[in-house]
Amino acid sequence: MVEGLRADVAGREILRGVDLTVSSGEVHAVMGPNGSGKSTLSHVIAGRPGYEVTGGSVRLDGVELLGKPAWQRAQAGLFLGMQYPVEVPGVSMAGALGEALRASGRGGEDVAARIAEEAAAVGLDEVFLSRPLNVDLSGGERKRNEVVQLGVLRPRVAVLDEIDSGLDVDALRAVSRRVAQLATETGMAVLAITHYQRLLAELPVARVHVLRAGRVVDSGGPELALELERTGYAAYGAEEAAG
Amino acid sequence: MLCAIVALPVLSEIDASHVSLLPGPEWLRELRLAAWERFSSSAAPSESEEIWRYSRIDDLDLSRYTPPQPGRSAPLGLADLPSHVQALVAAAGEGATVAVVHNGASLNLVGPQQGLEVDSPGPGPFGEQGDLRPPASGPAPDSFLALNAALCEAPCRARVGAGVDVAAPLVVVHWLEGEGSVVLPRLQVELGPAASLRVVEVVASAEGDVLVVPVTELDLAAGARLGYGQVQLLGPRSWQVGNQSSRVSRDASLRSMSVSLGGEYARLRTGSVLDGPGGESELLAAYFGTGHQMHDLRTVQHHAAPRARSSLLFKGAVAGTSHSVYSGLIRVEKGAKGTNAFQTNRNLVLSDGAQADSVPNLEIEDNDVRCSHASAVGPIDESQLFYLESRGVPTTTAQRLIALGFMDEVLERFPVGGLVAPLRAALADKLDAAGLGAAL
């Protein structure tokens, strides 16, 4: 649950009071024009340094996340699927996820086998698993890679920042199906940030929220996404400067 | 019972008569005396000279060290070495030939292999036609090379004849101990045409205050292939002023790596001369300093022949208040057309009090060449750290993973694969001992 979230970047207010509630097992989409604050929202929820939170709260199962470092938010059950997953030279997925699982007392000994299963579920070739995280992976492979990690970590809430960008039709389908399955099977709540209606065609979305200039200006059912696809964001007013 | 206490002369006070007393054949005595002449006539090194810029050489007091006394160091077996050194030797695998050199003197050889000659002057083939060739990379880079040639008691030479492919590696362990002593190990590796060998050289010392001046010379005839990896595990009070040089002939191929972990001040100059067309030299290094250590690395990629290739990747990390210097030169002579020369130095700064300097240089006298250099000095990448943290990896664990991963790009290419795991572990132990979380 995100309530009245306000945040600045370099002294400029980007989020101006965002309210969102996603229940367990539900998939919500956040749409909005460029610069509406979508990526900032995902970073602020996940605790990326460089943002100044000036008000509001982010709670997961009643636990306040703001003020905690990013890794503790993840340990509390949050996962951020990144728009641009970075290369981490020399660090394997098994090494990183093994440490994450160990830190939460969830073993981690069988992490390699679990990674292999999840890779098969999204159609990521095993050759990519032996590479350091994201190193020499295409944009599409990186996104599949994010969903593999999501499947291994099984968070309570997944914030997926443009998980659909850079994916071809087949990859989009594989990734969406896996996310939808995890939501159904594990009760994971999903906040999917996207530009495109096409993700929603694959992912059963309960609610669509429109973010504009740092505020949620409209919410509705999946039909709202189709409406946006047709008419754009003009109905929500002229473009304002935001980050 | 009679007790004689003899005050041994210190390094700054000895003369040619001391040099003459070292064991070996006459030709070696002459070489030593000539080298001594060069050393004693050269000016004392000073940080005001370019080659010593950024170094700690002004803190070196030669009157603190006693040169080797002939016959004082007993031969050591593998079992006499500390367990971490034994473990490295074992990691080189079954069948390896192991030479243990104690304080630069007595050489003890275990597990000889067909086609690989390892010896030291004295009786044997070394005495008949041996010579300590001048450094491959032109004029002596510093006077310590001459000091080594003058005072090295038992140079170790390994030779492989034409066309011979030696299956198991050669491991040369220099074990140094003593208080206030200078030790001058020397290893000379000669590969005949199309010969092939892998060598691990370990330079390790106990806690004592030792000055070590190691010299390594690698000579590759046409078409030869050599993998050479040096592991420096000096004690915390040791000083090193080292030189490694290689000559790569036509179509020969060298991969050389140095892993520097120990020492209070540890300098290593790596020079590779490509003097035959089509030769290839890959120069790698990993260095990691903690506490008040300083690692000082100088390199020269010297292209003297056309169509040769050299690629250098040196990666280091500094924690605590440690300091590292990398200074590298790519030198392409006129006529070395079609040269490909690359130089990359990257440094990770793990604490506010640590410092890394990186100074790349190019000196190119031909225009038909491809050369590039890149250098970087910086802290752990914020976006990499956030990425791992967003998966739930605790901050200090993530920093540790990133730092080790950073070094892994070099370590995983160690020329003898069995050593990769123990070297990784040694690096991780050092990182943990430095208290990464506290240091950052």
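Chain identifiers are assigned alphabetically (A, B, ...) following the order of the sequence lines, protein sequences preceding nucleic acid strands; residue numbering begins at 1 within each chain. We use all heavy atoms of the structure for the numbers below, so side chains are in, but hydrogens, waters and symmetry mates are not. What you see is a predicted model; the values in this text were computed from it and never measured.
Only the side chain of A:Leu97 comes within contact range of chain B, with heavy atoms under 4.5 Å apart. Interface residue A:Leu80: backbone and side-chain heavy atoms are both found under 4.5 Å from chain B. In this structure, chain A has heavy atoms under 4.5 Å from both the backbone and the side chain of B:Ile402.
Among A:Gly98, A:Pro155, A:Gly50, A:Ala74, the residue with the largest count of heavy-atom pairs under 4.5 Å with chain B is A:Ala74. With chain B as the partner, the residue from A:Pro132, A:Gly95, A:Pro89 showing the most heavy-atom pairs under 4.5 Å is A:Pro89.
Annotation: salt bridge (Lys or Arg N to Asp or Glu O under 4.0 Å) contacts of A:Arg59 (sequence neighbours excluded): A:Glu3. Remark: B:Ala168 engages B:Gln113 in a side chain to side chain contact (heavy atoms under 4.5 Å, CB included) (not counting sequence neighbours). Applying the side chain to side chain contact (heavy atoms under 4.5 Å, CB included) test to A:Gln181 and every residue at least two apart in sequence or in another chain returns A:Arg178, A:Glu185.
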Cross-chain donor-acceptor list, chain A x chain B, under 3.5 angstrom:
unit_1	atom_1	unit_2	atom_2	d
A:Trp71	NE1	B:Thr395	OG1	3.2
A:Gln75	NE2	B:Gly392	O	2.6
A:Leu80	O	B:Arg391	NH2	2.8
A:Glu87	O	B:Gln384	NE2	3.3
A:Asn134	ND2	B:Tyr387	OH	3.3
A:Glu146	OE1	B:Arg391	NH1	3.2
A:Glu146	OE1	B:Arg391	NH2	3.1
A:Glu146	OE2	B:Tyr387	OH	2.4
A:Glu146	OE2	B:Arg391	NH1	3.0
A:Gln149	OE1	B:Arg391	NH1	3.1
A:Gln149	NE2	B:Tyr387	OH	2.9

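Scanning both residues, A:Ala103 and B:Gly392, for their nearest heavy atoms gives CB-O, 4.3 Å. Across all non-hydrogen atoms, the minimal contact from B:Phe386 to A:Pro49 is CD1-CD, 4.1 Å. Annotation for A:Leu133 and B:Leu388: closest pair CD1-CD2, 3.6 Å, computed over non-hydrogen atoms.
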